[in-house]
Amino acid sequence: MLLCLATLLVGFASCSSGDEEDKGATIDIYMDETFSFDPAIAYNDVGAAELLSLTSEGLFYLNEKGKLKKGLCKKYKIKENDDGSETVIITLGESYWSDGIRVDAADFVYAWNRIMDPEFKCEAAALLFPVKNAVAVKNGDIRRDDRGIYSSGTYEITIDLNVGVDAELFLNNLASVALYPLRKEVVRSVKDENWASLSAVIVSNGPFYVKNFELITDSKAQPKSITLERNQYYRRAPDAESSIKKYVTPYKICVHYVTAEEAYEKYKNGEYAFTSDIPLAERKKLIDEVTMLDNMFTYSYLFNTNSEFLSDAKARKALSIAIDRKAIQDIVVFAEAADSLISELVYNTKKGTSFHTSVISTSGNLEEAKKLAAESGIKGKSIKLLIADEAADIAVAEYCVGVWKKIGVDASYEVLTYYGYDYKEDVIKTNANGDKVIVKETIYEDICGDKLREAYNKGEFDIIAVNYNMLTTDAFAVLAQFAPKYSGGAYDFSSSDTEWPLVPHTSGYSSEKYASLIDAAYKATNPEERAKKLHEAEKLLVAEDCVVAPLYFGRTAYLVNDNIKKLDTNFAGHLVWTKVKDKDYVPGAEEEETPAA
């Protein structure tokens, strides 16, 4: 899980001829480090979300103005039922995975059922809770087959919604990166979710597929390069005569990794045509030159309510109100001081209304923080903040730790990096003599683990940096996860127990008052009443119980040369590379375009 703003830098190479052999340009880019292409895991990773928007496609997407547009959905209809509920029936358009197999309804249903599996931890499950029986299924109360999502045809999906759910607004949830389709046999081909880091295994249904994924693993893991090649089956059949360039212009996107300082120097020297990885020291100088986009991330610190010195809300509040968010905005530059968790891009009741309201001050209050630190007993105690290995994250952590020391807290921070390892998978069978023998051994090298995400999932932290993805335009998708009934936590059904308690959020937060507000919002059929309950929940979570300390709303900022054309954006602040052209591109020789292995 990466917790920082996505960064990209681009240069264009001449690589193909001007006739039918012309494959198109190769685009060399720098993008924030990404190690997982699993949409159900990587949704809070800014870099992964950016890459997934290139390699995957959902049923819908939100354009730069927030208008819902069809992706793989060819058409849909909404049917009103006798009980007042609505059913959505979606017909898929023709598109294929990068190995030539057509995308079908089962791929979406499998991906969503995986998220709803009670034994699979995924906070993005809240996106599907408007579906009939989804909450009960996720909590293991009823059979998994009773969820209101099913394939009603090879290329048709039927979704039964709860009473009071606005079907048109629910479709926005289906535009989320977390709900992209997956192939069942691919996910299950490698154990322990390692498939999502192996280019030999990953298949893509978006405009590009992952052709190569190279890592450097020494003291810590870091990517060497990721090569994305155009998916020649994207939105067209394998035997189609039409040119794939009708749908995807660039031939390849080659992701190379350098430091922010190197990236900016290459941009200034004309070696790269685009950069959004601008060093902190240069940002203020370039504030009037960059193009800046809102995105759907809120960079925050999450407190572990099970931690010895953070179980008291007063202690958490002391740490939160001590922070001057405006000072953090000044450090990051391409950001806006956060006065809430939910960003302005989230709707209140409908499109055109914003959920965002101020629930905390962006100014610090050291005197009040000192008082609360003393009352709560956290003064003089040791706490540790866990962050990602990113320049902005480190600078913000240094500021916050310094402020916390001013109120008497023995604070420190630790940077958690990625690590590399090899993975061996054996196929074992029993022979005629009854002996178990290995009939096939597969070794996958340089798999990458994420220490920060592992600490988050296990709840092994005092305070941890989290880049909260709003996931969709509905505040419920983010706020629900802090109520045990809607947390999306994983159950362990391997024990002999016959009853299993609700799994709380990874922060350990469990408030009856908060849970009742989320439950009321879930059951509300009136949009205004629903929004009111969610506003009350956010205030309780952020300003009173202080489980989350939002620090800043993310911004995507970039510089681009005049030769780059047709670089589009979407509502989430992602850059859309599908139709990008370089006016300086000169066709030349290029290798054959091949489907994914």
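Not a single donor-acceptor pair under 3.5 Å links the side chain of S176 to the backbone N or O of L174. Panel note: side chain T506, backbone Y456; a donor-acceptor pair is recorded below 3.5 Å. In terms of modelled atom types and a separation under 3.5 Å, the side chain of S56 and the main chain of Y180 share no donor-acceptor contact. Of the possible polar contacts, none joining the E265 side chain to the E262 backbone as a donor-acceptor pair under 3.5 Å is found. The closest donor-acceptor contact from the side chain of S204 to the backbone of G206 lies at 3.5 Å or more, if one exists at all. Between the side chain of N304 and the backbone N or O of G459 there is at least one donor-acceptor pair closer than 3.5 Å. Side chain of S151 to main chain of T154: no donor-acceptor pair is present (N/O by atom type, distance under 3.5 Å, no hydrogens or angles). Not a single donor-acceptor pair under 3.5 Å links the side chain of S36 to the backbone N or O of A42. Side-chain atoms of D474 never come within 3.5 Å of backbone atoms of A477 as a donor-acceptor pair (strictly under, hydrogens ignored).
Remark: the N173 side chain and the T472 side chain contain an N/O donor-acceptor pair separated by less than 3.5 Å. For the residue pair D568 / W577, no side-chain donor-acceptor distance below 3.5 Å is found, with atom types taken as modelled. Side-chain atoms of H574 and E50 include no donor-acceptor pair closer than 3.5 Å. In this model, a donor atom of one side chain and an acceptor atom of the other lie less than 3.5 Å apart for T473 and N172. For the 3.5 Å distance criterion, the side chains of T158 and S152 qualify, holding a donor opposite an acceptor. In this model, a donor atom of one side chain and an acceptor atom of the other lie less than 3.5 Å apart for D393 and Y299.
For the residue pair Y251 and G24, the shortest heavy atom distance occurs at CB-O, 3.6 Å. For the pair N469 and V177, the tightest heavy-atom approach, listed with the atom from each and the gap, is ND2-CG1, 4.2 Å. The two residues D104 and L92 come nearest to each other via the heavy atoms C-CD1, 3.4 Å. The heavy-atom pair separating P39 from L52 by the smallest distance is CA-CD1, 3.9 Å. The two residues L345 and N295 make their nearest non-hydrogen contact at CD1-O, 3.7 Å. The shortest heavy-atom contact between W112 and L179 is NE1-O, 3.0 Å.
At a threshold of 4.5 Å between non-hydrogen side-chain atoms, the residues N570 and N63 do not count as touching. In this structure, I278 and Y558 have side chains that are not in contact, with every pair of non-hydrogen atoms separated by 4.5 Å or more. Using a 4.5 Å heavy-atom cutoff, the side chains of D107 and W97 are in contact. Side-chain atoms of R230 and Y234, non-hydrogen and from C-beta on, never get closer than 4.5 Å to each other. Between K581 and L567 there is no side-chain heavy-atom pair separated by less than 4.5 Å. Contact check for F274 versus L559: no side-chain heavy atoms found under the 4.5 Å cut-off. Counting only heavy atoms from C-beta outward, the side chains of P181 and N205 approach each other to under 4.5 Å. Counting heavy atoms from C-beta outward, I157 and L59 have side chains that approach closer than 4.5 Å.
Taking the salt bridge (charged side-chain N to carboxylate O under 4.0 Å, His left out) definition, one finds that E156 meets it with nothing, sequence neighbours left out. In this view, Y413 satisfies the ring-ring contact (aromatic ring centres under 6.0 Å, His included) rule with no residue, not counting sequence neighbours.
The cationic group of R102 lies under 6.0 Å from the six-membered ring centre of Y155 and within 45° of the ring axis, placing it in a cation-pi geometry.
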Quick one, K266 with D277, criterion salt bridge (charged side-chain N to carboxylate O under 4.0 Å, His left out). Give me CA distance, side-chain angles, the key distance, then yes/no. CA-CA 11 Å; K266 290 177 182 293; D277 189 15; over 6 Å; no

Kindly indicate, with the supporting measurements, whether the criterion side chain to side chain donor-acceptor pair (under 3.5 Å) is fulfilled by Q232 and Y96. CA-CA 9 Å; Q232 63 173 308; Y96 295 77; over 6 Å; no

Would K70 and L171 count as a side chain to side chain contact (heavy atoms under 4.5 Å, CB included) here? Give the steps. CA-CA 10 Å; K70 294 186 183 72; L171 296 181; over 6 Å; no

Verify side chain to side chain contact (heavy atoms under 4.5 Å, CB included) between R114 and V187, making sure each step is shown before the conclusion. CA-CA 10 Å; R114 177 173 175 251; V187 174; 3.8 Å; yes

Give the C-alpha distance, both sets of side-chain angles, the deciding distance and a yes or no for side chain to side chain contact (heavy atoms under 4.5 Å, CB included) between K121 and N457. CA-CA 8 Å; K121 180 182 176 67; N457 285 338; 3.4 Å; yes

Full working for side chain to side chain contact (heavy atoms under 4.5 Å, CB included) between Y61 and F571: CA-CA 8 Å; Y61 67 93; F571 193 63; over 6 Å; no

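Each of N231, V248, T227, L51 was checked for a side chain to side chain contact (heavy atoms under 4.5 Å, CB included) with F208, and the lone residue meeting it is V248.
Using a 4.0 Å cut-off between charged side-chain N and carboxylate O, R147 and D117 make no salt bridge. The pair K74-E94 does not meet the salt-bridge criterion, since no charged nitrogen lies less than 4.0 angstrom from a carboxylate oxygen. Look at D389 and K451 and you find no salt bridge, because none of the NZ, NE, NH1 or NH2 atoms lies under 4.0 Å from a carboxylate O.
Remark: R235 CZ to T578 OG1 distance equals 9.0 Å, nearest 0.5 Å. The NZ atom of K384 sits 12.0 Å away from the CD1 atom of I463 when rounded to the nearest 0.5 Å. Remark: L575 CG to S276 OG distance equals 7.0 Å, nearest 0.5 Å. Residue Y43 holds its OH atom at 4.0 Å from SG of C122, rounded to the nearest 0.5 Å. We find the CZ-CG distance between F297 and D45 to be 7.5 Å, quoted to the nearest 0.5 Å. Between F129 atom CZ and K138 atom NZ the span is 7.0 Å, to the nearest 0.5 Å.
Heavy atoms from other residues, nucleotides or ligands lying under 6.0 Å from NZ of K184 number 12 at most.
Ring orientation note: the planes of F482 and H505 are tilted relative to one another, at an angle of 30° to 60°.
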